[in-house]
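What follows is one structure encoded as structure tokens, with my remarks underneath.
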Amino acid sequence: MARVRYTGPEPVTVPELGDREIQPDEVVEVPDARFEGYICQPANWESVEEPGTKAAKKTAAKAPQKED
């Protein structure tokens, strides 16, 4: 799931998120497939974590090499 921050001036109800009321500056998880539908509205939403970012972080990190 991707994450976005609501930047609008007052609370909104988002039917796609189960009719949940979202508060200004609140970060919410949205389906990866719908991420673009939120960030294409820059007056109301901003990206916090793009789709697939969590999985990439988990696999990209490696333990530091121990030197002898």
Side-chain angles (χ1 to χ4, degrees):
M1 293 277 254
R3 294 175 8 144
V4 294
R5 174 177 287 115
Y6 175 59
T7 58
E10 56 189 56
V12 293
T13 300
V14 181
E16 183 172 76
L17 301 177
D19 286 328
R20 199 170 136 207
E21 184 175 80
I22 309 300
Q23 301 297 317
D25 204 40
E26 183 176 351
V27 174
V28 295
E29 287 190 341
V30 297
D32 288 352
R34 293 289 301 132
F35 176 74
E36 293 292 330
Y38 287 87
I39 63 164
C40 74
Q41 304 172 60
N44 293 316
W45 301 95
E46 69 181 16
S47 174
V48 172
E49 189 170 307
E50 294 184 12
T53 304
K54 286 183 184 180
K57 286 181 183 176
K58 286 181 182 177
T59 58
K62 291 185 177 181
Q65 294 287 327
K66 186 176 180 181
E67 292 184 27
D68 292 328

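Starting from 1, each residue takes its place in the sequence as its number. Everything quoted here is computed from the prediction, not taken from an experiment.
Here the closest non-hydrogen pair linking A2 and P51 is CB-N, 3.8 Å. Across all non-hydrogen atoms, the minimal contact from G8 to P24 is O-CB, 3.4 Å. Minimum interatomic distance between E46 and I39 (heavy atoms only, all atoms of both residues): C-CG2, 4.3 Å.
If you take CZ on R3 and CD on E50, they are separated by 13.0 Å, rounding to the nearest 0.5 Å. Between the CE atom in M1 and the CD atom in E49 there is a gap of 11.5 Å [rounded to 0.5 Å].
With hydrogens and angles disregarded, a donor-acceptor distance shorter than 3.5 Å links the side chain of T7 to the backbone of N44.
Y6 is not connected to V48 by any chain of hydrophobic side-chain contacts under 4.5 Å among Ile, Leu, Val, Met, Phe, Trp and Tyr, and they are in different clusters.
The side-chain contact (heavy atoms from CB on, under 4.5 Å) check on V14 picks up V12, E16, L17, I22, Y38, W45, with sequence neighbours excluded.
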